[in-house]
Amino acid sequence: INFIFNFVDNLINTKQTTHSPSRKFGRIHFHYLKYHIVAQKPGSGWKSGNASVAAGSLVASVQSCQFDDSIHDAEDKFDIYYDKEIGAPILEHTATASWNEGSEESTVEFWISPVLVCKSPKKTVGLGDAISAMGLLYHGYEHPEKNR
């Protein structure tokens, strides 16, 4: 998992966009089986990533398991993985963790939420699109120029 954080930190601090070489990435989201991660530069216009990672993780679990409104024996239906090496505690009321990394001029804000991994998935097609869409839907943006 540290490899992922280092890769994202490097990407967001050094890489330029293809269409506009003078601009750098302001936000990157990454999801895989265990986690949904959002990294962003302070001042990029993106608001807190808490709701974004929580919504992305939740939609992955809901769509893959296709459970009804009543979840019985939840521990029999899901596994949850959270690596102790991350070091940031998951907040019980949001199911997310957040922290900053880097120096003052290259700070990156990270948010992470573990995904409840369905033990017997019923649907996997389109999960990546659903995670990305929910993450964007719940991640507010206000163009930095509007505040000037």
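The basis for the numbers below is simple: all heavy atoms, side chains too, and nothing from hydrogens, waters or symmetry mates.
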Value rounded to 0.5 Å, distance of SG in C65 from NZ in K122: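 The distance works out to 6.5 Å.
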Counterpart residues, side-chain hydrogen bond (donor to acceptor under 3.5 Å, both in side chains), relative to [X] (two or more places apart):
X	result
Q63	none
S48	none
T96	N50, T94

Could you check whether any side-chain N or O of S61 sits under 3.5 Å from a backbone N or O of L116, counting only pairs where one atom can act as donor and the other as acceptor?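 Yes, the answer is positive, given that a donor and an acceptor are paired below the 3.5 Å cut-off.
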Check for a donor-acceptor pair, side chain of Q40 on one end and backbone N or O of K47 on the other, with a separation under 3.5 Å.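 Yes.
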Please give me the minimum heavy-atom distance between [X] and [Y], naming the atom from each residue.
X	Y	answer
G56	H36	CA-ND1, 3.5 Å
I37	F110	CG2-CD2, 4.3 Å
R27	S52	NH2-OG, 3.3 Å
I112	Y35	CD1-CD2, 3.3 Å
A95	S113	O-OG, 2.7 Å

What pairs with N100 under side-chain contact (heavy atoms from CB on, under 4.5 Å), at least two apart in sequence or on another chain?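 Partners of N100 under the side-chain contact (heavy atoms from CB on, under 4.5 Å) test: T107, E109.
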Pairs meeting criterion ring pair (Phe, Tyr, Trp, His ring centres under 6.0 Å) with involvement of residues 42-65, two or more places apart: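 Qualifying pairs: W46-H139, W46-Y141.
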How is the hydrophobic cluster of I131 composed, in terms of its other members, when Ile, Leu, Val, Met, Phe, Trp and Tyr link through side-chain heavy atoms under 4.5 Å apart, directly or indirectly?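 Reading the cluster by chain and number, I131 sits alongside V59, M134, L137, Y138.
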Starting from W111 and following side-chain heavy-atom contacts under 4.5 Å between hydrophobic residues (I, L, V, M, F, W, Y), which residues can be reached?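 Via sub-4.5 Å side-chain contacts, W111 links to V38, V53.
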Between S132 and H31, does the side chain to side chain contact (heavy atoms under 4.5 Å, CB included) criterion hold? Intermediate values first, please. CA-CA 8 Å; S132 298; H31 52 85; 3.4 Å; yes
Single-linkage hydrophobic cluster V108~W99, side-chain heavy atoms < 4.5 angstrom: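 The answer is yes; both residues are in one hydrophobic cluster.
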